[in-house]
Amino acid sequence: MSLSRRAFLSSVTGVAVSASLCGQQRRPNIVIIYADDLGYGDLGCYGSPIPTPNIDLLAEEGARFTNFYSASPVCSPSRAALMTGRYPTRVEVPVVLGPGDAGLPDSETTVAQVLKSAGYRTACIGKWHLGSAAQYLPTNRGFDEFFGVPYSADMSPCPLIRGTSVMAPSPDLSKLTARFTQEATDFINRSKDAPFFLYLAHTAPHLPLVPSARFAGKSDLGAYADVVQELDWSTGEVMAALKANGLDSNTLVMFSSDNGPWYQGSPGNLRGRKGDTYEGGMREPFLARFPGVIPSGIGCTGIATTLDLLPTLTRLCGATPSPNQLDGVDIWPLMTGQQWDLERDVFLYFDSVYLQCARLGRWKLHISRYNTKAWSPVPSVGRLNLPLPKPELYDIVSDPQESYDCAAAHPEVVADIRARVDRLIPTFPSGIIDAWQFTMSQKVLDAPVDGLPVPDKR
């Protein structure tokens, strides 16, 4: 019986991966390094002029994804999705949370809680942004330890917290990356005798751009690049700590970002930035390294998302699954090169409570859009999410800039994606269903605002 090259490689890789995992003496350690507002094009391994040798080494020694998505173009919702494996619109965190706002509900199960069920020691270091009151902080959401800030560093006051106690009401922001790195390496040093989960969520390169004295001016490309280089240094320190403790070969390290770049930074060759449901706002760098298990230097073109990390880690670590309905899938076959793509339903692009786009395979359908660009002044009529006159279809593989609408040439694809969206929307909370119905029934403006198209009147 003939065997295709893809099937042969998958079978060989699958056997090797299974053998490697069976040979592990204990469950693998898990490290997630999460940047804040880092763009798709801000790492050397994704084409950036900013030198990032330590992060690039993760790509050289592991897997580099080119179609990996956050579940939101802004901070809090993207982190809610990472923690729960569910769309932020399901878990009551559709928008950015500020000081004093409620946080992730107790009814949600976090990845830290899932891994604790398998005997993992857990630590959250850095930016949380899923509720700042004590009952919402990480130590009440499955983390044994927390050292960091409750929300973005540009929100004031931004206290530095250990556990639930304020260590400094207004810490020196230029020293946060170094402090978080020291805490992370200390945790690794203290946790080498049992499996652990380290979630290192940096506040950088989100504004304000405050590199430490050691890195200020180092890049010759400005403060943003200086901050990115400091993140790269931090990643190198974490990897060195793993090696020094003999943990390198039994640790899965992942690196990504919560959303696209804001005013500075690069979305690469993608359209849009933070706050947009264009690719530049939600497609992120994602690297995964696990020596002897994830082959070195593989490129993953299949679609994957932050929603997928919880179900993937649940299976990998032999943990008790979350009791809640998950929107993510197990992407271990992509990480390990066993498969080049996975069968999955449409991926939904939400901004706040509004569904604006959906992707299925190579196709992305734009259904609705705001009447003003992200971060621009709100027009006198208010900011409205409006259905497009006609849905726009883009072939994201050949047109990642979303420049050429090909809906007219592929009506069957438009119909398929719309039908899938219509099946999924009723599974969301009533407020999200109402927002969808309200958008689709909008009476629209007499003229476009800010040059953006609006639907015809009804």
Side-chain angles (χ1 to χ4, degrees), residues 6 10 32 34-35 38-48 55-56 58-59 62-73 78 81-82 85 87 254-261 266-274 276-289 294-295 297-312 327-350 356-366 392-404 406 410 413 416-417 420:
R6 177 184 296 190
S10 295
I32 297 177
Y34 211 45
L38 183 78
Y40 182 80
D42 281 333
L43 302 176
C45 55
Y46 284 86
S48 174
I55 299 172
D56 294 350
L58 298 179
R64 184 178 74 97
F65 283 65
T66 53
N67 280 281
F68 186 88
Y69 292 90
S70 168
S72 171
S78 64
L82 171 64
Y87 283 110
M254 294 168 282
F255 183 99
S256 192
S257 175
D258 62 346
N259 46 250
S266 172
N269 66 337
L270 306 175
R271 183 177 181 179
R273 305 179 75 82
K274 176 180 180 178
D276 292 325
T277 51
Y278 289 113
E279 293 293 281
M282 292 178 61
R283 195 190 300 194
E284 313 302 333
F286 181 76
L287 308 170
R289 176 188 183 273
I294 296 177
I298 63 172
C300 298
T301 59
I303 297 172
T305 78
T306 52
L307 298 165
D308 302 329
L309 297 188
L310 186 147
T312 302
D327 294 300
V329 301
D330 181 355
I331 59 169
W332 188 245
L334 295 181
M335 280 191 185
T336 54
Q338 298 175 65
Q339 294 179 219
W340 294 354
D341 206 353
L342 294 175
E343 290 291 332
R344 63 187 305 153
D345 209 341
V346 288
F347 172 66
L348 305 177
Y349 296 64
F350 283 96
Q356 295 187 331
C357 312
R359 181 169 178 182
L360 182 66
R362 67 188 302 122
W363 303 105
K364 181 178 178 183
L365 187 70
H366 287 247
E392 300 169 2
L393 183 69
Y394 298 97
D395 181 345
I396 296 299
V397 174
S398 62
D399 178 25
Q401 296 85 10
E402 297 165 274
S403 299
Y404 306 101
C406 53
H410 300 281
V413 176
D416 182 24
I417 296 177
R420 291 170 181 265

Checklist entry - How long is the span from the CH2 atom in Trp332 to the CG atom in Leu342, to the nearest 0.5 Å? => result 13.0 Å
Checklist entry - Looking only at heavy atoms, what is the nearest atom pair of Tyr278 and Gly272, with distance? => result CB-CA, 4.0 Å
Checklist entry - Is any side-chain heavy atom of Ile298 less than 4.5 Å from a side-chain heavy atom of Trp340? => result no
Checklist entry - Going through the checks in order, is the salt bridge (charged side-chain N to carboxylate O under 4.0 Å, His left out) test met by Arg344 and Asp308? => result CA-CA 11 Å; Arg344 63 187 305 153; Asp308 302 329; 2.9 Å; yes
Item to check | Set of ring-ring contact (aromatic ring centres under 6.0 Å, His included) partners for Tyr394, sequence neighbours left out | outcome: His366
Next on the checklist: If you compare all heavy atoms of Phe286 against all heavy atoms of Ser256, which two are closest, and at what distance to 0.1 Å?
Outcome noted: CD1-CB, 3.8 Å
Checklist outcome for this item: Correct closest heavy-atom pair for Gly302 and Asp341 would be CA-OD1, 3.7 Å
Next on the checklist: Set out, in order, the CA-CA distance, both residues' side-chain angles and the distance that settles side chain to side chain contact (heavy atoms under 4.5 Å, CB included) for Thr66 and Tyr40, then state yes or no.
Outcome noted: CA-CA 9 Å; Thr66 53; Tyr40 182 80; 3.5 Å; yes
Checklist entry - Is the Tyr87 ring parallel, tilted or perpendicular to the Phe350 ring (thresholds 30°, 60°)? => result perpendicular
Checklist entry - Step by step, would you call Leu287 with Phe65 a side chain to side chain contact (heavy atoms under 4.5 Å, CB included)? => result CA-CA 6 Å; Leu287 308 170; Phe65 283 65; over 6 Å; no
Item to check | Leu393 side chain reached by Trp363 side chain, heavy atoms, under 4.5 Å | outcome: yes
Checklist outcome for this item: Nearest heavy-atom approach of Pro311 to Val329 is CG-O, 3.7 Å
Item to check | Atom of Met335, atom of Ala288 and distance for their closest heavy-atom approach | outcome: SD-CB, 4.2 Å
Item to check | Contact check, side chains of Val413 and Leu365, non-hydrogen atoms, under 4.5 Å | outcome: no
Checklist outcome for this item: One should read off an interatomic distance between Arg283 CZ and Asn67 CG, to the nearest 0.5 angstrom, of 4.5 Å
Next on the checklist: Apply side chain to side chain contact (heavy atoms under 4.5 Å, CB included) to residues Cys45 and Arg64 and explain how you reach the verdict.
Outcome noted: CA-CA 8 Å; Cys45 55; Arg64 184 178 74 97; 4.2 Å; yes
Checklist entry - Could you give the distance from OG (Ser70) to NZ (Lys274), rounded to the nearest 0.5 Å? => result 11.0 Å
Next on the checklist: What I'd like to find out is whether the side chain of Asp395 reaches to under 4.5 Å of the side chain of Tyr404, using heavy atoms alone.
Outcome noted: no
Checklist entry - For Glu402, does its backbone N or O pair with a side-chain atom of Arg271 as donor and acceptor, under 3.5 Å? => result yes
Checklist outcome for this item: Taken to the nearest 0.5 Å, the spacing of Met254 CE from Thr312 OG1 works out to 8.5 Å
Item to check | Partner residues of Tyr349 under the ring-ring contact (aromatic ring centres under 6.0 Å, His included) criterion, sequence neighbours left out | outcome: Tyr69, Phe347
Item to check | Val346 side chain reached by Arg359 side chain, heavy atoms, under 4.5 Å | outcome: no
Next on the checklist: What's the separation between atom CZ in Phe68 and atom OG1 in Thr301, rounded to the nearest 0.5 Å?
Outcome noted: 14.5 Å
Next on the checklist: Ignoring hydrogens, what is the shortest heavy-atom contact between Ala71 and Thr306? Give both atom names and the distance.
Outcome noted: N-OG1, 3.6 Å
Item to check | Carboxylate-amine/guanidinium contact Lys364 Glu279, below 4.0 Å | outcome: yes
Item to check | Asp416 CG to Leu360 CG distance, which is reported to the nearest 0.5 Å | outcome: 6.0 Å
Checklist entry - Taking it one step at a time, do Leu309 and Leu82 satisfy side chain to side chain contact (heavy atoms under 4.5 Å, CB included)? => result CA-CA 7 Å; Leu309 297 188; Leu82 171 64; 3.4 Å; yes
Item to check | Side-chain touch Leu38/Pro285, heavy atoms, less than 4.5 angstrom | outcome: yes
Next on the checklist: We want to know whether Asn259 and Arg273 form a side-chain donor-acceptor pair, criterion being a heavy-atom distance below 3.5 angstrom.
Outcome noted: no
Item to check | Any donor-acceptor N or O pair under 3.5 Å, side chains Gln401, Ser403 | outcome: no
Checklist entry - Can you find a pair of side-chain heavy atoms, one from Ser266 and one from Pro261, that are under 4.5 Å apart? => result no
